[in-house]
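Worksheet: the structure to be examined is printed underneath.
Counting convention: from 1, in listed order, for ligands and their atoms alike. FYI, the numbering just counts along the sequence from 1.
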Amino acid sequence: MPGDALFVARLIRRNYNKIMKKVTFAALAVICFLTLFSACGTSNEQTSESYALDTVCTQSVYGSRAADAVDAVNAMLWDVTNTMSIYEGSYIYEINAAAPDPVEVTGEVAALLQAALEIARETDGAFDPAIGAISTLWDISGTPRVPDAAEITEALALVDYTGVTVDGTSVSLQKSGMMIDLGGIAKGYAADLAAEIYEEYGVTSALLNLGGNIYVYGTKTDGGDYRIGLRDPFGGAGEYAAVVSVSDTSVVTSGVYERYFESGGETYHHIFDPETGYPADNGLVAVTVICASSTRADALSTAFFVMGLDKGLALANTMDDVEAVFFTSGRDIYVTGGLNESIEITNEAYTLQS
Ligand code: ADP
Ligand code: MG
């Protein structure tokens with residue numbers, strides 16, 4: 001009724017100041033709340049960059065105890081470095097130095113060795129944790145040089161994972177001079193331990209990168225998948241060939257560009273073919289493995305790289321828990337069945353082959 005409307009209008013006019021105060025107060029309260037809320041949303045992200053496992057390790061972690069989680073992971077990374085590296089002070093060093101005598105190790109070291117041996121069997125020795133005699137001979141991360149053929153033959157006789165015995169927590173190598181090198185699996189193992197730590201600290205989302213060994217914990221804070229760029233093997237850091245969208249899994253790449261040296265116009269990288277003792281040279285330039293177990297992803301990326309495109313892709317396609325991406329020197333990309341629809345090629349120099 002017009003009379004009622006008039007009454008309401010008068011009422012508003014009479015109480016205009018009071019009403020405006022209330023509206024302003026409510027608006028301010030909403031703004032404060034939104035500001036606080038968004039502050040919470042961003043301030044609980046913790047980032048960290050550290051050096052461990054012979055590489056740069058970065059974390060981006062969300063959760064109310066993210067800072068503690070980041071510190072715990074950094075401490076763990078050093079622990080794994082000190083325990084599993086090939087250098088003096090580690091259990092691995094002790095095992096290598098004592099060969100052929102047995103050494104008592106922790107249950108943790110024995111379990112990782114068992115996991116490494118398991119993958120060696122699965123890949124018919126393409127991944128061989130007893131690669132130490134060859135990897136130390138080339139010394140790609142130290143003072144690299146091209147060994148002569150006789151040196152390679154001699155070292156190759158000491159590369160054989162079937163000569164590694166793990167009996168409970170007692171570990172022995174068959175011959176003196178044999179050496180375990182967990183460089184192809186330790187980062188993946190550390191990433192799996194990081195995921196356990198994130199869970200313990202109630203982390204809601206995290207992205208961990210251990211020198212190309214990526215672990216995606218949970219989803220992004222908006223609930224979406226993380227988009228992980230796969231590096232252009234011929235490009236620099238930050239240049240990508242493709243993108244995969246993933247959550248709660250690990251994305252690990254073994255590539256010729258990770259570690260290498262040049263001599264006499266040739267490039268020598270750090271992934272060795274246990275059959276030849278030379279860097280694997282089969283037309284692949286990188287292999288990425290996606291697998292919930294980062295330990296597995298790390299060792300398998302090394303193995304598939306050594307096996308080459310045909311054998312590697314065939315084996316990857318038989319594994320239910322694994323997807324893989326193979327990059328050839330001709331800039332072709334081959335993927336396992338589960339990725340055909342979902343991988344995005346973001347660099348037009350590359351072609352997805354099927
Ligand atoms: P990155 O260390 O760059 O991530 P990988 O995971 O492929 O790359 O590991 C390469 C390391 O693994 C080498 O530095 C060496 O220590 C070790 N390695 C090399 N060839 C083999 C192999 N065939 N089997 C097991 N480990 C290997
Ligand atoms: Mg590896």
TODO: Take Val109 and Val171 through the side-chain contact (heavy atoms from CB on, under 4.5 Å) test and state the conclusion after the steps.
DONE: CA-CA 9 Å; Val109 173; Val171 181; 5.6 Å; no
Open item on the list: Working note: Gln59 + Asn74, criterion side-chain contact (heavy atoms from CB on, under 4.5 Å); need CA distance, chi angles, decisive distance, verdict.
Closed with: CA-CA 9 Å; Gln59 302 180 62; Asn74 280 330; 3.3 Å; yes
Open item on the list: Using side-chain contact (heavy atoms from CB on, under 4.5 Å), reason through Asn96 and Asp181 one step at a time and then give a plain yes or no.
Closed with: CA-CA 9 Å; Asn96 294 344; Asp181 171 6; over 6 Å; no
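Here the shortest heavy-atom distance to atom 14 (O) of ligand 1, taken over Glu275, His270, His269, Lys187, belongs to His270. Of the candidates Gly184, Ala126, Gly188, the one placing a heavy atom closest to atom 22 (C) of ligand 1 is Ala126.
Each of the atoms 23 (N) of ligand 1 lies under 4.0 Å from some heavy atom of Pro274. The distance from ligand 1 to the heavy atoms of Ile131 drops below 4.0 Å at these ligand atoms: 18 (N), 26 (N), 27 (C).
Between Tyr278 and Trp138, the ring-plane angle classifies as perpendicular under the 30° and 60° cut-offs. Classified by interplanar angle (parallel below 30°, tilted 30° to 60°, perpendicular above 60°), the ring pair Phe326/Phe304 is tilted.
Backbone and side-chain nitrogen or oxygen atoms of Ser135 are examined, and none is located within less than 3.5 angstrom of a nitrogen or oxygen of ligand 1. Residue-to-ligand polar distances keep Ile271 apart from ligand 1: every N/O pair is separated by 3.5 Å or more. By the 3.5 Å distance cut-off applied to N or O atoms, Thr253 is not counted among the residues near ligand 1.
Here the side chain of Glu199 pairs no donor or acceptor atom with the backbone of Glu196 at under 3.5 angstrom. With hydrogens and angles ignored, the 3.5 Å screen pairs a side-chain donor or acceptor of Asp192 with a backbone N or O of Ser294. Proximity of a side-chain donor or acceptor of Thr288 to a complementary backbone N or O of Val325 within less than 3.5 Å is not detected.
Looking only at protein heavy atoms, the nearest one to atom 21 (C) of ligand 1 is Thr302 CG2, 3.8 Å. In terms of protein heavy-atom proximity, atom 6 (O) of ligand 1 is nearest to Asp298 OD1, 2.9 Å. Regarding atom 15 (C) of ligand 1, its nearest protein heavy-atom neighbour is Asp181 OD2, 3.3 Å. Among protein heavy atoms, atom 24 (N) of ligand 1 sits closest to Asp128 N, 2.9 Å. The single protein non-hydrogen atom nearest to atom 7 (O) of ligand 1 is Ser254 OG, 2.6 Å, given as residue, atom name and distance.
For the 3.5 Å distance criterion, the side chains of Tyr91 and Glu108 fail to qualify, holding no donor opposite an acceptor.
Here Thr302 meets the criterion, with an N, O or S atom under 2.8 Å of the Mg ion (ligand 2).
Distances shorter than 4.0 angstrom do not occur between any heavy atom of Asn213 and any atom of ligand 1.
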